[in-house]
Amino acid sequence: MRRTRQQARETRDQILDAAERLFAEHGVSRTSLEEIALHAGCTRGAIYGHFRNKSDLFVALTSRVMLPMELLVAATVDAAEQNPLGRIRQLLLYVLGKVVVEPHSRRVFEVLFTKCENTKEMELVLERQHDAARNGRKYLELGLRNAIDKGQLPGNLDTARASSVVHAFLGGVLRDWLLEQDSIMLPRDAEFLTDVCIGMLKYSPSLRHARAQGSPP
């Protein structure tokens with residue numbers, strides 16, 4: 001009997017769920033397609049019916065969730081946003097709280113941040129990460145400029161440097177939490193950490209443009 005589309009989707013999801021759990025437990029390079037098939041309750045041939053190879057499978061797996069900087073882009077797409085800094089804060093809270101309450105995101109983040117080797121078969125996933133970081137910083141900078149225009153941030157904020165700091169801050173918090181899970185507690189510390197980041201944007205002199213030579217102090 002020919003498999004229905006619904007059955008095919010269910011098998012595909014079972015394969016992705018099994019791969020997600022195994023990648024999070026063992027890492028990508030140490031997990032074979034045979035192991036994924038065994039845990040998914042299917043054959044290796046069934047995997048090839050949906051994915052060309054392990055790299056293709058991993059790309060599909062990571063596509064099921066949004067990366068942290070992709071989520072932050074939502075804070076900056078609307079130039080008419082009247083509370084851009086509040087929107088950035090809201091999304092930082094969402095990102096730092098989501099990883100522990102949404103199992104798929106948590107496992108994918110764990111693989112990407114702690115168990116994804118820089119190999120040829122991971123090129124497409126790593127490229128997506130680089131694009132997400134680059135585009136996220138670019139659009140976040142627009143949001144910071146909007147916050148400056150609304151009087152929420154200092155007029156001399158170096159938005160390029162500040163967007164890079166937010167990116168590094170977010171990635172560092174997630175990576176440390178995923179590796180240690182005791183020095184940082186999420187989502188318990190999400191609000192505290194978010195306000196630390198917002199405070200840096202508001203008050204850190206290191207994120208200000210240097211004064212032009214000869215300008216008054």
Side-chain angles (χ1 to χ4, degrees), residues 62 65-102 105-106 108-114 116 126 128-217:
T62 58
V65 305
M66 292 187 72
L67 302 181
M69 287 302 287
E70 290 173 337
L71 290 164
L72 277 181
V73 167
T76 61
V77 294
D78 186 3
E81 171 63 58
Q82 293 301 305
N83 183 19
L85 189 62
R87 182 71 173 139
I88 291 170
R89 181 182 184 276
Q90 180 185 44
L91 285 167
L92 282 169
L93 281 170
Y94 175 67
V95 172
L96 294 177
K98 181 180 176 65
V99 289
V100 291
V101 297
E102 206 292 299
S105 291
R106 174 175 176 171
V108 170
F109 289 175
E110 183 174 359
V111 174
L112 289 173
F113 280 106
T114 68
C116 181
L126 294 171
R128 181 188 171 198
Q129 285 184 282
H130 294 154
D131 287 344
R134 181 170 55 253
N135 293 331
R137 288 193 298 267
K138 179 178 71 175
Y139 287 111
L140 180 58
E141 189 174 355
L142 296 177
L144 295 174
R145 290 174 183 168
N146 191 19
I148 291 172
D149 292 340
K150 299 296 190 300
Q152 295 179 314
L153 290 173
N156 63 344
L157 179 70
D158 186 333
T159 54
R161 175 174 291 183
S163 64
S164 294
V165 166
V166 172
H167 173 241
F169 176 88
L170 183 59
V173 166
L174 289 172
R175 184 175 291 105
D176 284 355
W177 175 72
L178 289 166
L179 287 172
E180 300 293 337
Q181 298 195 22
D182 56 0
S183 61
I184 292 174
M185 299 292 290
L186 296 177
R188 186 198 68 185
D189 295 336
E191 186 169 7
F192 158 72
L193 291 165
T194 294
D195 287 338
V196 168
C197 186
I198 297 297
M200 286 193 298
L201 297 175
K202 286 183 174 181
Y203 306 116
S204 174
S206 298
L207 294 180
R208 306 291 179 263
H209 284 292
R211 292 195 303 271
Q213 188 173 4
S215 63

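Below, each value reflects all heavy atoms present in this structure, side chains not excepted, and no hydrogens, waters or symmetry copies.
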Measure across [X] and [Y] and return the closest heavy-atom pair with its distance rounded to 0.1 Å.
{"X": "S105", "Y": "V65", "result": "OG-CG1, 3.7 Å"}
{"X": "A190", "Y": "L96", "result": "CB-CB, 3.9 Å"}
{"X": "G143", "Y": "P84", "result": "O-CB, 3.8 Å"}

Before giving the answer on side-chain contact (heavy atoms from CB on, under 4.5 Å), spell out for L193 and L92 the whole-Å C-alpha distance, their side-chain angles and the decisive distance to 0.1 Å. CA-CA 9 Å; L193 291 165; L92 282 169; over 6 Å; no

To the nearest 0.5 Å, how far apart are [atom1] in [X] and [atom2] in [Y]?
{"X": "L153", "Y": "L85", "atom1": "CG", "atom2": "CG", "value": "5.0 Å"}
{"X": "H167", "Y": "L140", "atom1": "NE2", "atom2": "CG", "value": "10.0 Å"}
{"X": "M66", "Y": "F109", "atom1": "CE", "atom2": "CZ", "value": "9.5 Å"}
{"X": "F113", "Y": "L67", "atom1": "CZ", "atom2": "CG", "value": "7.5 Å"}
{"X": "L144", "Y": "L157", "atom1": "CG", "atom2": "CG", "value": "6.0 Å"}

Quick one: side chains of residues 196-205, donor-acceptor pairs under 3.5 Å with protein atoms, not counting sequence neighbours, listed by atom name and distance.
unit_1: S204; atom_1: OG; unit_2: S206; atom_2: N; d: 3.3

Summary of side-chain hydrogen bond (donor to acceptor under 3.5 Å, both in side chains) pairs that have at least one residue in residues 185-194, sequence neighbours excluded: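 Counting only pairs at least two positions apart or across chains, the side-chain hydrogen bond (donor to acceptor under 3.5 Å, both in side chains) contacts touching residues 185-194 are R89-E191.
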
Which residue pairs pass the side-chain hydrogen bond (donor to acceptor under 3.5 Å, both in side chains) test when at least one of the two sits in residues 151-160, sequence neighbours left out? N83-Q152, E141-T159

Any side-chain heavy-atom pair of V166 and I88 under 4.5 Å: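 The answer is no; the side chains never approach within 4.5 Å.
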
Report yes if some heavy atom in the side chain of K138 is under 4.5 Å from a heavy atom in the side chain of N135; otherwise report no. yes

D176: partners by side-chain contact (heavy atoms from CB on, under 4.5 Å), with sequence neighbours left out: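 Only I184 meet the side-chain contact (heavy atoms from CB on, under 4.5 Å) criterion with D176.
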
Residues that D149 engages under salt bridge (Lys or Arg N to Asp or Glu O under 4.0 Å), provided they are two or more places apart: none

Set of residues satisfying salt bridge (Lys or Arg N to Asp or Glu O under 4.0 Å) with respect to R208, sequence neighbours excluded: none

Neighbour count >12 (heavy atoms, 6.0 Å) for atom CZ, F169: yes

